[in-house]
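The structure under discussion appears below in the form of structure tokens.
Counting starts at 1 for both ligands and their atoms, in listed order.
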Amino acid sequence: MPRTEFIATGFHVPERVVTNDDLATMMDTSDEWISQRSGIKTRHWVSDGETGATLAREAAHQALARAGMKPADLDCIVYCTCTPDHFEPGNGVFLERELGLRDVPALDVRNQCSGFVYGLSVADAWIRAGQYRRVLLVGAEVHSRGLDRTTRGRDTTVLFGDGAGVAILGPTDDPRRGVLSTHLYADGRHAEKLWVDAPGLAHDPYISEELIRAGKHRAVMDGREVFKFASVLMPQSVATALKANGLSPADLKLLVPHQANLRIMEMVQKTIGLRDDQIYMNIQKYGNTTAASIPIALHEALCEGRLGRGDLLVLTAFGSGFTWASAAIRW
Ligand code: UT7
């Protein structure tokens with residue numbers, strides 16, 4: 001059975017940069033609070049005309065160019081997002097249309113911050129089974145239009161950013177390389193600790209002025225609980241990924257964690273016992289872009305030469321659900 005390799009990556013963020021000082025003009029917050037609690041300095045927000053699908057299209061074209069491929073060479077799209085452009089259908093078909101494709105399957109993955117690793121697990125299974133040979137795996141989010149830009153929403157609004165990251169995946173016959181394993185987890189007991197209640201068909205009607213007035217269409221988060229679980233479960237998922245492959249932290253060239261919070265990533269680093277050069281962090285520039293954060297970080301790490309052929313890469317994610325996941329990859 002072949003393994004799954006990363007053929008090329010790409011990313012795209014909107015041009016508009018929003019600084020912590022910009023946010024302080026909209027709500028009662030400060031650069032000091034945001035920097036100290038999250039490490040974030042800037043994030044990107046979409047402007048008129050930009051959507052999740054257009055961000056993903058730009059990232060996909062970049063990856064295709066790096067791979068020397070055309071959109072027609074793709075035979076499947078796996079699109080991970082928790083901020084779809086529309087309630088229905090999912091964003092996969094909108095991206096397919098943006099890329100000028102027809103007849104290519106488009107799967108939508110709704111696993112929030114863990115979306116990219118969940119999507120990777122599905123794409124990897126399909127590729128190893130021989131069902132698809134060229135899979136475009138996408139993590140793309142537009143948070144900014146859903147954020148409450150008043151003081152009421154400050155605990156979440158300052159954290160999230162917009163962006164897209166993609167990877168083109170395909171089979172390799174080199175037994176030493178490719179995706180070694182993926183591990184996925186979920187615990188729905190914590191579903192309401194980070195969620196957007198409405199619109200939702202649990203409500204009748206599923207959207208109403210009352211729901212909007214109550215702010216039910218905004219992301220609501222129990223930040224401390226998210227922090228607590230993320231700091232424990234992300235290192236645990238990395239340990240599982242290493243153990244499953246008979247490896248140890250010393251073997252790790254690079255850990256690319258979901259960029260949720262600089263302090264969470266520092267806890268992950270400390271718990272596993274990694275040197276600074278073994279973990280990649282770019283949350284300072286982009287904020288938390290949920291499903292897009294890992295592919296954006298991976299692309300930047302590659303551009304900076306932090307990962308070479310044969311190196312061990314581990315991905316780990318944690319987010320709303322709670323869901324969490326890890327992947328071990330021999331580059
Ligand atoms: O992908 C997963 C996504 N989510 C996360 O990763 C979030 C994980 N959690 C966190 O990162 C942290 O819990 C936060 C950064 C969200 C918050 O940090 P914290 O140290 O847990 O602060 P807190 O929620 O306990 O709030 C402390 C104070 C409160 O004021 P009082 O009650 O002490 O007077 C908040 O009202 O900070 C206040 N506060 C703010 N102040 C200035 C909350 N948000 C802000 C803000 N600016 N943006």
Side-chain angles (χ1 to χ4, degrees), residues 18-43 45 80-83 109-118 139-144 146-163 165 185-187 190-196 215 218-237 256-269 271 281-284 286-297 315-326:
V18 177
T19 65
N20 293 342
D21 288 335
D22 292 334
L23 291 177
T25 66
M26 304 173 201
M27 62 190 77
D28 183 12
T29 190
S30 65
D31 175 46
E32 193 193 1
W33 193 97
I34 301 169
S35 303
Q36 272 179 10
R37 309 277 172 142
S38 72
I40 299 165
K41 297 303 267 182
T42 57
R43 74 285 294 140
W45 282 6
C80 317
T81 189
C82 62
T83 54
V109 174
R110 284 286 305 269
N111 287 91
Q112 304 72 246
C113 304
S114 307
F116 191 79
V117 186
Y118 265 71
E141 308 282 2
V142 173
H143 282 291
S144 57
L147 298 171
D148 181 349
R149 299 177 190 185
T150 70
T151 298
R152 185 168 75 160
R154 66 181 180 173
D155 62 326
T156 52
T157 299
V158 301
L159 300 178
F160 293 99
D162 304 340
Y185 306 92
D187 186 347
H190 306 286
E192 288 86 5
K193 287 185 180 138
L194 173 48
W195 76 321
V196 183
R218 306 289 192 194
V220 175
M221 176 176 71
D222 182 339
R224 290 197 168 192
E225 283 290 290
V226 175
F227 196 105
K228 200 172 79 189
F229 279 85
S231 320
V232 172
L233 294 173
M234 285 171 86
Q236 218 172 76
S237 76
V256 176
H258 163 54
Q259 310 284 307
N261 182 315
L262 196 71
R263 288 190 302 148
I264 293 176
M265 290 188 280
E266 285 168 352
M267 297 265 292
V268 171
Q269 177 183 0
T271 307
M281 309 186 203
N282 64 0
I283 191 172
Q284 300 88 337
Y286 304 116
N288 180 348
T289 57
T290 46
S293 93
I294 288 179
I296 291 175
L315 311 176
T316 178
F318 177 89
S320 159
F322 293 149
T323 59
W324 63 106
S326 64

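- Shown here are the salt bridge (charged side-chain N to carboxylate O under 4.0 Å, His left out) partners of D21, two or more places apart in sequence or in another chain: there are none.
- A parallel orientation is assigned to the rings of W324 and Y185, their planes being inclined by less than 30° (bins at 30° and 60°).
- A salt bridge is defined here as a Lys NZ or Arg NE, NH1 or NH2 lying under 4.0 Å from an Asp or Glu carboxylate O, and E266 with R263 fails to meet this definition.
- For Q112 against R110, the heavy-atom pair with the smallest separation is OE1-O, 3.0 Å.
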Starting from the N and O atoms of ligand 1, find every protein N or O within less than 3.5 Å and list the pair with its distance.
from: ligand 1; atom 1: 1 (O); to: H258; atom 2: NE2; distance (Å): 3.0
from: ligand 1; atom 1: 1 (O); to: N288; atom 2: ND2; distance (Å): 3.0
from: ligand 1; atom 1: 9 (N); to: G223; atom 2: O; distance (Å): 2.9
from: ligand 1; atom 1: 11 (O); to: N261; atom 2: ND2; distance (Å): 2.5
from: ligand 1; atom 1: 13 (O); to: G223; atom 2: O; distance (Å): 3.3
from: ligand 1; atom 1: 20 (O); to: R37; atom 2: NH1; distance (Å): 2.8
from: ligand 1; atom 1: 22 (O); to: R37; atom 2: NH1; distance (Å): 3.2
from: ligand 1; atom 1: 25 (O); to: R224; atom 2: NE; distance (Å): 2.7
from: ligand 1; atom 1: 25 (O); to: R224; atom 2: NH2; distance (Å): 2.8
from: ligand 1; atom 1: 36 (O); to: R154; atom 2: NH2; distance (Å): 3.0
from: ligand 1; atom 1: 37 (O); to: W33; atom 2: NE1; distance (Å): 3.2
from: ligand 1; atom 1: 41 (N); to: W33; atom 2: NE1; distance (Å): 3.3
from: ligand 1; atom 1: 47 (N); to: T29; atom 2: OG1; distance (Å): 2.6
from: ligand 1; atom 1: 48 (N); to: T29; atom 2: OG1; distance (Å): 3.1
from: ligand 1; atom 1: 48 (N); to: R154; atom 2: O; distance (Å): 3.1

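- For Y118, the ring-ring contact (aromatic ring centres under 6.0 Å, His included) test picks out no residue, with sequence neighbours left out.
- With sequence neighbours excluded, no residue forms a salt bridge (charged side-chain N to carboxylate O under 4.0 Å, His left out) with R149.
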